[in-house]
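Values below: all heavy atoms of this structure, side chains included; hydrogens, waters and symmetry mates excluded. The chain is numbered in sequence order, starting from 1. What you see is a predicted model; the values in this text were computed from it and never measured.
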Amino acid sequence: MFETLILKWGYIILGIGTFLEGETILLTAGVMAHKGLLSLPLVILVATLGAFLGDLLWFYIGHRYGNDFIQKRPKIAARAASIQRLLDRFGTLFVLTFRFIYGVRTVSPVILGAIKYPMKKYILLNGIGAVIWGVSFSYIGYGLGAGFKEIVDRHPHVEEAILISLGAGLIFWILSKVRKHRLTEANQSLSEPNA
């Protein structure tokens, strides 16, 4: 049943996952490619496109709505100064590699858009960075699949336990995101002055 789900929905899940955030889902897809359930070249292609398009959308949002969008989101606003420092210090290298830096991956495109980083340059660097990210994490996942296969061959019930843990972790992650979103909305509505 699990294999049927992966065969039917694996690339769609991977595309959505990498569009939204990505490393965990991409590593998992790499493992699935090692098992033969997904094609490694297609995993790389879908992950690269998902990451490229997701970060391009966030860049556009930052470019279009600017500082107002950032200031209404304290989590993004809190990172703005550190991202600006990284950009000032590393320039092009930062734009190429921000998706590898924990804590700034998801907010960097918004801030780069808001500060009016040159769009053509961003598109080019975002594309190159997405390819590097897609290839490297796909192959890391593929390598983990080789190690995972060896463990499963020795302990056949480990696979089910890991899959259940991954499923539970995914559900927990989704629920925590929904909860944070609801708390943020509630706090914003409490802080708004009454009309």
Notebook entry, point to check: Can you list the steps and then say if Phe100 with Ile132 is a side chain to side chain contact (heavy atoms under 4.5 Å, CB included)?
Noted result: CA-CA 10 Å; Phe100 291 93; Ile132 295 167; 3.8 Å; yes
Check: Should Thr92 and Lys121 be marked as a side chain to side chain contact (heavy atoms under 4.5 Å, CB included) after you check the CA-CA gap, both sets of side-chain angles, and the distance that decides it?
Finding: CA-CA 9 Å; Thr92 299; Lys121 187 175 181 181; 3.4 Å; yes
Next item on the list: Applying side chain to side chain contact (heavy atoms under 4.5 Å, CB included), run through His34 and Val31 and close with a yes or a no.
Entry: CA-CA 5 Å; His34 185 272; Val31 170; 5.7 Å; no
Item checked: Residue pair Ile83, Ile115: steps toward the side chain to side chain contact (heavy atoms under 4.5 Å, CB included) verdict -> CA-CA 11 Å; Ile83 289 170; Ile115 64 170; over 6 Å; no
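Here the closest non-hydrogen pair linking Ser39 and Ala33 is C-CB, 4.4 Å. Among all heavy-atom pairs drawn from Phe19 and Leu57, the shortest one is CZ-CD2, 3.6 Å. Of all heavy-atom pairs spanning Ile44 and Gly134, the tightest one is CG1-O, 4.1 Å. Ala130 and Ala51 make their closest contact through CB-CB, 4.3 Å (heavy atoms, listed as atom of the first residue, atom of the second, distance).
Residues Leu144 and Val43 share a single hydrophobic cluster, defined by chaining ILVMFWY side chains whose heavy atoms lie under 4.5 Å apart. Criterion: ILVMFWY side-chain heavy atoms under 4.5 Å apart, direct or through other members. Under it, Ile140 and Trp133 are part of a common hydrophobic cluster. Both Val104 and Ile61 are assigned to one and the same hydrophobic cluster, defined by single-linkage of ILVMFWY side chains at heavy-atom distances under 4.5 Å. If you chain together hydrophobic residues whose side chains sit under 4.5 Å apart, Leu53 and Phe59 fall into the same group. The same ILVMFWY cluster, assembled from side-chain heavy atoms under 4.5 Å apart, contains both Leu45 and Phe52.
Between atom CG of residue Asn126 and atom CG of residue Asp55 there is a gap of 5.0 Å, rounded to the nearest 0.5 Å. Distance check, rounded to the nearest 0.5 Å: CG of Leu93 to CG of Leu125 gives 10.0 Å. Annotation: the span from Tyr65 atom OH to Ile70 atom CD1 amounts to 14.0 Å, rounded to 0.5 Å. Distance check, rounded to the nearest 0.5 Å: CZ of Arg79 to CD1 of Ile111 gives 9.0 Å. Between atom CD1 of residue Ile128 and atom OG1 of residue Thr97 there is a gap of 12.0 Å, rounded to the nearest 0.5 Å. Put simply, CZ on Phe137 and CZ on Arg99 are 10.5 Å apart, with the number rounded to the nearest 0.5 Å.
Side-chain atoms of Tyr122 do not come within 3.5 Å of backbone N or O of Pro109 as any donor-acceptor pair. In this structure, the side chain of Ser108 does not engage the main chain of Arg105 through any donor-acceptor pair within 3.5 Å.
Contact check for Leu112 versus Trp58: no side-chain heavy atoms found under the 4.5 Å cut-off.
Tyr117 OH: more than 12 foreign heavy atoms inside a 6.0 Å radius. Other residues, nucleotides and ligands contribute over 12 non-hydrogen atoms within 6.0 Å of the NZ atom of Lys116.
Evaluated for a side chain to side chain contact (heavy atoms under 4.5 Å, CB included) with Ile16, the options Thr18, Ile12, Ile13, Leu14 yield exactly one hit, Ile12.
Ring-plane geometry between Phe98 and Phe94 is classed as tilted, the angle between the planes lying from 30 to 60 degrees on a 0 to 90 degree scale.
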